[in-house]
Engineer: 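Take a look at this one; I'll ask things after.
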Protein chains: 2
Amino acid sequence: MVFLYGIFSIFPMIPEELLESHNALRKKYVKGDIIFREGDLPSQYFQIILGEVKMCNFNDDGREFTQGFFHPKQSFGEPPLFLNRVYPANAIAVSDCELFVLSKPLFLDLIQKNTSVSLSIIENLAQRLHYKSVMAAEISSQEPEHRLLKLIDYSIKFFKTEKETQGYRIDLTRQQMADLTGLRVETVIRAIKALEKKSEIKIINRKVYR
Amino acid sequence: MVFLYGIFSIFPMIPEELLESHNALRKKYVKGDIIFREGDLPSQYFQIILGEVKMCNFNDDGREFTQGFFHPKQSFGEPPLFLNRVYPANAIAVSDCELFVLSKPLFLDLIQKNTSVSLSIIENLAQRLHYKSVMAAEISSQEPEHRLLKLIDYSIKFFKTEKETQGYRIDLTRQQMADLTGLRVETVIRAIKALEKKSEIKIINRKVYR
DNA sequence: TTCGGATTATGATTTGAGTCATAAAGCAGA
DNA sequence: TCTGCTTTATGACTCAAATCATAATCCGAA
């Protein structure tokens with residue numbers, strides 16, 4: 001039973017064979033490419049083969065808010081596809097990427113014929129909803145340090161993090177942390193230092209360890 | 001095809017007949033009752049028959065953050081049930097409520113035997129993820145007035161709102177708006193007045209109309 | 001009808017994150 | 001090795017939301 005596993009990143013959203021047998025295309029993007037834009041009407045299902053994608057918003061004065069990062073085997077942008085609504089954010093290739101792209105009709109056909117895929121999708125959406133719930137409560141009310149610590153702990157579970165002898169290395173720049181929490185870079189830098197002083201984290205060679 | 005409809009509140013998550021045929025219990029709660037607590041491990045599926053439920057967090061100094069309100073025919077608290085994780089927030093009866101309660105094994109049995117239910121669940125989760133994405137971007141960066149306007153517009157679609165001759169009446173107290181946006185009551189009161197001055201909303205008899 | 005709690009309202013004051021300016025350090029590419 | 005760009009760093013200053021205090025209004029229950 002797929003529900004017993006919580007760490008969705010281990011399981012591909014949809015198995016590669018299944019995607020290929022449904023004529024999904026492999027499409028390449030270079031770093032910085034915009035995969036879709038906020039306001040676009042979805043017409044395709046995307047699943048990452050290689051590389052990293054972020055979803056983000058830009059507000060009136062150009063500031064960015066990062067909704068999340070997505071990694072190989074993960075899909076992104078399905079909620080509006082299911083709801084028949086426009087994307088609430090942009091999808092941008094953070095690094096060079098290769099993606100499976102499947103048209104909406106073929107995608108709907110696929111999930112109707114493969115019930116276990118529905119369960120993967122449910123699990124994946126549940127996962128993302130969980131992240132958003134946790135972060136929403138933090139972002140709304142807490143002090144910067146608290147906010148960052150929550151992000152760090154969460155990113156250990158769900159973003160790219162490697163366990164080293166010093167602890168988990170957080171592979172996020174100060175700017176990325178700022179965009180994920182809604183803080184400014186300077187505030188992040190100062191808060192990170194304060195957290196180090198309190199021994200909540202370590203800073204080695206400018207990298208954050210926890 | 002269920003995916004064509006975006007407004008999930010019209011459709012019961014799971015049809016009542018189906019719940020009853022799977023021996024779901026009807027359980028009553030009085031206003032203020034805690035249905036489950038942050039940190040509890042889920043063991044049941046909940047669907048509202050009557051009344052209103054909110055999910056919320058309390059931080060260290062007692063301040064509340066409201067994750068969302070749920071109404072008849074909607075379910076709540078499934079993500080952690082699927083993920084086998086503890087609840088990230090509390091569920092509290094806002095008014096006297098009657099709920100369908102179904103044990104996890106029976107619930108999993110139900111959705112596996114009724115594939116169309118999976119699709120409803122996907123749509124429902126997609127819906128909630130969409131709300132969270134939109135609000136997250138707002139809450140993180142925008143000024144109070146912008147934040148509140150977004151909440152108001154969103155609540156017209158998804159919370160209890162009635163269309164009257166003056167416009168849509170927002171049935172949220174200033175405190176509830178504060179808890180949903182992470183602002184303080186006083187700030188909400190002042191921002192609401194500022195929005196009225198700019199003719200973005202109307203205040204009639206203390207109620208907000210849009 | 002009265003009473004008490006919740007809600008809305010308003011002013012004065014504080015505070016801490018944002019902003020601005022500037023610079024050092026690291027890093028990739030020529 | 002030099003150059004230019006990104007990232008990290010730090011201090012000074014600003015300002016708006018939070019905080020604190022106080023009160024009027026509304027509303028349901030006794």
Side-chain angles (χ1 to χ4, degrees), chain A residues 30-32 54 59-66 92 94-96 138-152 169-198 201-209, chain B residues 30-32 52 54 59-66 92 94-96 138-149 151-152 169-198 201-209:
Chain A
V30 303
K31 181 176 174 174
K54 76 172 168 187
N59 66 14
D60 314 322
D61 36 274
R63 289 228 325 119
E64 176 179 333
F65 176 75
T66 306
I92 299 177
V94 176
S95 61
D96 290 354
E138 290 303 314
I139 285 178
S140 79
S141 54
Q142 303 289 347
E143 324 81 71
E145 292 178 30
H146 205 277
R147 238 149 124 169
L148 280 164
L149 215 47
K150 205 79 174 192
L151 172 70
I152 287 168
R169 191 185 73 235
I170 313 300
D171 271 337
L172 294 169
T173 67
R174 310 287 191 272
Q175 183 63 60
Q176 288 175 325
M177 294 188 215
D179 293 340
L180 283 160
T181 53
L183 299 166
R184 315 290 144 160
V185 209
E186 300 95 324
T187 306
V188 170
I189 290 169
R190 290 187 246 254
I192 287 288
K193 297 215 156 174
L195 284 170
E196 191 199 20
K197 202 160 281 175
K198 292 175 187 167
I201 57 172
K202 276 180 251 176
I203 304 179
I204 302 168
N205 204 13
R206 294 175 150 206
K207 289 267 170 218
V208 176
Y209 291 81
Chain B
V30 302
K31 181 177 173 172
E52 192 181 12
K54 75 173 170 187
N59 66 13
D60 314 323
D61 36 274
R63 288 224 329 117
E64 176 179 333
F65 176 75
T66 305
I92 300 178
V94 175
S95 61
D96 290 354
E138 289 303 315
I139 286 179
S140 79
S141 54
Q142 304 289 346
E143 325 81 71
E145 292 178 30
H146 205 278
R147 240 150 121 168
L148 280 165
L149 216 46
L151 171 70
I152 287 169
R169 193 186 71 235
I170 313 301
D171 271 336
L172 294 169
T173 66
R174 309 289 191 273
Q175 183 62 61
Q176 287 174 327
M177 295 187 214
D179 293 340
L180 282 160
T181 53
L183 299 167
R184 315 289 146 162
V185 209
E186 300 94 324
T187 306
V188 170
I189 289 168
R190 291 187 245 253
I192 287 288
K193 298 213 158 175
L195 284 171
E196 192 199 20
K197 202 161 282 176
K198 292 175 187 168
I201 56 171
K202 277 180 250 174
I203 305 179
I204 301 167
N205 204 15
R206 292 174 151 206
K207 288 269 169 216
V208 175
Y209 291 82

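Just the heavy atoms: all of them, side chains too, but no hydrogens, waters or symmetry mates, feed the values below.
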Engineer: If I take atom NZ in residue A/K193 and atom P in nucleotide D/dT7, what distance separates them, rounded to the nearest angstrom?
Structural biologist: 17 Å
Engineer: Between C/dT8, D/dT7, D/dC20, which one does the side chain of A/T173 approach most closely?
Structural biologist: D/dT7
Engineer: Specify the separation, in whole Å, of atom CD1 of B/I201 and atom P of C/dT8.
Structural biologist: 12 Å
Engineer: Looking at B/E145 and B/K198, is there a salt bridge between them, counting it only when a charged N and a carboxylate O are closer than 4.0 Å?
Structural biologist: yes
Engineer: Looking at B/K31, I want to see if its NZ is surrounded by more than 12 non-hydrogen atoms of other residues, nucleotides or ligands under 6.0 Å.
Structural biologist: no
Engineer: OP1 or OP2 of C/dT19 less than 4.0 angstrom from a side-chain nitrogen or oxygen of A/R184, does that happen here?
Structural biologist: yes
Engineer: Quick one: A/I203 CD1 to D/dT10 C1', roughly how many Å, whole number?
Structural biologist: 14 Å
Engineer: With heavy atoms under 4.0 Å as the rule, sort A/R174 into base, sugar-phosphate or nothing.
Structural biologist: sugar-phosphate
Engineer: Output the rounded distance in Å from NZ (A/K197) to C1' (D/dA9).
Structural biologist: 13 Å
Engineer: Any donor-acceptor pair under 3.5 Å joining the side chain of A/R190 to the base of D/dG11?
Structural biologist: yes
Engineer: What is the separation between atom CG on A/L172 and atom P on D/dT8, rounded to the nearest whole Å?
Structural biologist: 10 Å
Engineer: Between B/E138 and B/S140, does a side chain to side chain donor-acceptor pair (under 3.5 Å) hold up when you go through it step by step?
Structural biologist: CA-CA 5 Å; B/E138 289 303 315; B/S140 79; over 6 Å; no
Engineer: Using whole Å, what does the distance between atom P of nucleotide D/dT10 and atom CZ of A/R206 come to?
Structural biologist: 10 Å
Engineer: Both A/T187 and B/K207 contact DNA chain C. Taking the nearest nucleotide for each, which residue is further toward the 5' end?
Structural biologist: B/K207
Engineer: When the distance from NZ of A/K31 to C1' of C/dG29 is rounded to whole Å, what number comes out?
Structural biologist: 13 Å
Engineer: Could you say whether A/N205 or B/I189 is positioned toward the 5' end of DNA chain C, judged by the nucleotide with the nearest heavy atom to each?
Structural biologist: B/I189
Engineer: Could you give the CD-to-P distance, from A/E143 to D/dA18, as a whole number of Å?
Structural biologist: 13 Å
Engineer: With B/K197, which residues qualify under salt bridge (Lys or Arg N to Asp or Glu O under 4.0 Å), at least two apart?
Structural biologist: none
Engineer: So, A/K54 and A/E64, do they make that salt bridge, N to O below 4.0 Å?
Structural biologist: yes
